[in-house]
**Q** 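Take a look at the following structure, please.
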Amino acid sequence: MIQGTLYIVSAPSGAGKSSLIQALLKTQPLYDTQVSVSHTTRPMRPGENHGEHYFFVTEEEFKSMIASGDFIEHACVFGNYYGTSGKVIKQILASGVDVFLDIDWQGAQQVRKKMPEARSIFILPPSKEELYRRLRGRGQDSEEVIAKRMSQAVSEMEHFNEYDYLLINDDFNTALADLQSIIRSEKLRLDRQTLRHGDLISKLLAD
């Protein structure tokens, strides 16, 4: 079985990261690509399902998992814990399925230390003005919150050079095509192609 690839995807809020990942998944078969499902201690919201949107656990259970070293990354955000189970990720990868991990640069640093073979992608907006327009266009946040997100975006974007790939989400369809190209090129790596076409290669090189 050819091992799947773990993709770390990071971007400032408003850069279109989640939209690009969801659009990509619609072009990939479910048996080939999945998005990682995180564990969290926050309450389940209406319409959410355990194991689909998150694995909902108690704070006690979460802290026990931290102590056991179960997470390849975790963080506390606004009083709630979020984390990615290394066991779950490795089981999916072992089945040959690629996994997308939607996390920030801090989580990405944690994952790289434990799974250095992961590929990482950073997504940038075409300009600060466009990023502001997108955040404002959501109609979800006050100007104060938007200003805070813009400030955070600058500090987040400073870490772009820690990643393997860099996408500029100016035109959505172009950015999606670029993302698809990354996935395609990774599948064509020498080690993966050698495993996939071992019999053919042996026959071609036989005397």
Side-chain angles (χ1 to χ4, degrees), residues 4-22 24-25 34-43 45 48 53-90 92-93 98-125 128 131-132 134-135 138 140-141 144-169 175 179 182-183 186:
T5 299
L6 175 61
Y7 293 97
I8 302 166
V9 187
S10 304
S13 180
K17 171 185 57 173
S18 298
S19 297
L20 282 169
I21 292 174
Q22 291 305 316
L24 175 73
L25 289 178
Q34 293 182 21
V35 173
S36 171
V37 179
S38 300
H39 286 69
T40 185
T41 60
R42 78 157 173 76
R45 294 170 183 166
E48 291 183 331
H53 298 92
Y54 286 98
F55 292 109
F56 295 94
V57 296
T58 65
E59 186 170 324
E60 183 180 355
E61 289 173 320
F62 196 99
K63 288 183 177 179
S64 176
M65 292 179 72
I66 293 175
S68 299
D70 292 343
F71 295 118
I72 54 173
E73 65 84 26
H74 68 275
C76 184
V77 182
F78 300 120
N80 293 309
Y81 287 93
Y82 297 84
T84 303
S85 167
K87 181 180 179 181
V88 172
I89 292 290
K90 290 173 183 177
I92 298 173
L93 294 176
D98 292 339
V99 180
F100 277 81
L101 190 52
D102 180 347
I103 53 175
D104 65 13
W105 65 269
Q106 292 168 307
Q109 288 182 342
Q110 294 181 50
V111 175
R112 284 194 203 94
K113 289 179 180 178
K114 296 184 177 179
M115 300 185 71
E117 71 278 9
R119 295 293 189 266
S120 55
I121 303 165
F122 200 92
I123 301 171
L124 288 173
K128 288 183 179 179
L131 184 63
Y132 174 80
R134 292 176 185 176
L135 288 172
R138 290 176 175 179
Q140 299 175 343
D141 301 316
E144 182 181 357
V145 171
I146 292 175
K148 184 177 180 180
R149 289 189 184 279
M150 288 296 297
S151 177
Q152 290 175 333
V154 174
S155 62
E156 290 169 356
M157 291 187 291
E158 290 176 347
H159 294 270
F160 79 93
N161 57 359
E162 299 173 9
Y163 291 70
D164 299 314
Y165 298 94
L166 180 65
L167 298 185
I168 311 299
N169 185 14
L179 186 56
I182 292 171
I183 309 311
E186 286 294 328

**Q** Which residues pass the side chain to side chain donor-acceptor pair (under 3.5 Å) test with His159, not counting sequence neighbours?
**A** Glu162
**Q** List the steps, then state whether salt bridge (charged side-chain N to carboxylate O under 4.0 Å, His left out) holds for Lys63 with Glu59.
**A** CA-CA 6 Å; Lys63 288 183 177 179; Glu59 186 170 324; 2.9 Å; yes
**Q** Does Asp102 form a side-chain hydrogen bond (donor to acceptor under 3.5 Å, both in side chains) with Ser18? I'd like the steps, not just the answer.
**A** CA-CA 8 Å; Asp102 180 347; Ser18 298; 3.2 Å; yes
**Q** Could you please spell out the steps behind the side chain to side chain contact (heavy atoms under 4.5 Å, CB included) verdict for Tyr165 and Val9?
**A** CA-CA 10 Å; Tyr165 298 94; Val9 187; over 6 Å; no
**Q** Look at the side chain of Ser155 and the backbone N and O of Gln152, then say whether any donor-acceptor pair between them is shorter than 3.5 Å.
**A** yes
**Q** Rounded at 0.5 Å granularity, tell me how far CD1 in Ile146 sits from CG in Leu135.
**A** 6.0 Å
**Q** Give me the atom names and distance for the closest heavy-atom approach of Ile123 to Pro12.
**A** O-CD, 3.4 Å
**Q** Working to the nearest 0.5 Å, report the span between CG of Leu167 and CG of Leu20.
**A** 7.5 Å
**Q** Show the numbers, then the answer: is there a side-chain hydrogen bond (donor to acceptor under 3.5 Å, both in side chains) between Ser10 and Tyr163?
**A** CA-CA 9 Å; Ser10 304; Tyr163 291 70; 2.7 Å; yes
**Q** Is there a side-chain contact between Met157 and Leu124 in this structure, where contact means two heavy atoms from C-beta onward sitting under 4.5 Å apart?
**A** yes
**Q** Does the Asp98 side chain pair with the main chain of Thr5, one donor and one acceptor, at a distance under 3.5 Å?
**A** yes
**Q** Using side-chain contact (heavy atoms from CB on, under 4.5 Å) as the criterion, point out the one residue from Glu73, Lys90, His39 that pairs with Ser85.
**A** His39
**Q** Take Asp70 and Lys87, measure what salt bridge (charged side-chain N to carboxylate O under 4.0 Å, His left out) needs, and give me the verdict at the end.
**A** CA-CA 7 Å; Asp70 292 343; Lys87 181 180 179 181; over 6 Å; no
**Q** What is the distance from atom OG1 of Thr41 to atom CG of Asn80, rounded to the nearest 0.5 Å?
**A** 4.5 Å
**Q** Measure the OH-CD1 distance between Tyr7 and Ile182 for me, rounded to the nearest 0.5 Å.
**A** 8.5 Å
**Q** Any chance NZ of Lys128 has more than 12 other-residue heavy atoms, nucleotides or ligands included, within less than 6.0 Å?
**A** no
**Q** Do Asn169 side-chain atoms and Ala15 backbone N/O form a donor-acceptor pair below 3.5 Å?
**A** yes
**Q** A side-chain contact here means heavy atoms from C-beta on lying under 4.5 Å apart; do Ile72 and Ile89 qualify?
**A** yes
**Q** Check this for me: Glu117, atom CD, are more than 12 non-hydrogen atoms of other residues, nucleotides or ligands nearer than 6.0 Å?
**A** yes
**Q** If every non-hydrogen atom of Arg149 is compared with every non-hydrogen atom of Ser13, which pair is closest and at what distance?
**A** NH1-OG, 3.5 Å
**Q** Quick one: does any side-chain atom of Ser68 pair with a main-chain N or O of Ser64 as donor and acceptor, under 3.5 Å?
**A** yes
**Q** In Å, rounded to the nearest 0.5 Å, how long is the span from CE of Met115 to CD of Gln110?
**A** 14.0 Å
**Q** State, yes or no, whether a side-chain contact exists between Thr40 and Val57 at a heavy-atom distance under 4.5 Å.
**A** no
**Q** Could you check if a side-chain atom of Leu101 sits within less than 4.5 angstrom of a side-chain atom of Leu6, using non-hydrogen atoms only?
**A** yes
**Q** Where do Phe62 and Tyr82 land on the ring-ring contact (aromatic ring centres under 6.0 Å, His included) test, with the steps shown first?
**A** CA-CA 9 Å; Phe62 196 99; Tyr82 297 84; 8.2 Å; no
**Q** According to side chain to side chain donor-acceptor pair (under 3.5 Å), who are the partners of Arg119, at least two apart in sequence or on a separate chain?
**A** Glu186
**Q** Side chains of Phe122 and Ile8: does their closest heavy-atom pair fall under 4.5 Å?
**A** no
**Q** Under the side chain to side chain donor-acceptor pair (under 3.5 Å) rule, collect the residues that match up with Ser38, sequence neighbours excluded.
**A** none
**Q** Between Arg42 and Glu48, is the closest basic N to carboxylate O distance under 4.0 Å?
**A** yes
**Q** Taking the side chain as every heavy atom from C-beta outward, state whether Asp164 and Ile121 have any pair of such atoms under 4.5 Å apart.
**A** no
**Q** Within the structure provided, determine whether Leu131 and Met150 are in side-chain contact (heavy-atom separation under 4.5 Å).
**A** yes
**Q** Find out whether Ile92 and Val99 are in side-chain contact, i.e. whether some heavy atom of one side chain is under 4.5 Å from a heavy atom of the other.
**A** yes
**Q** Quick one: CD on Glu61 to CZ on Phe56, what's the gap to the nearest 0.5 Å?
**A** 13.0 Å
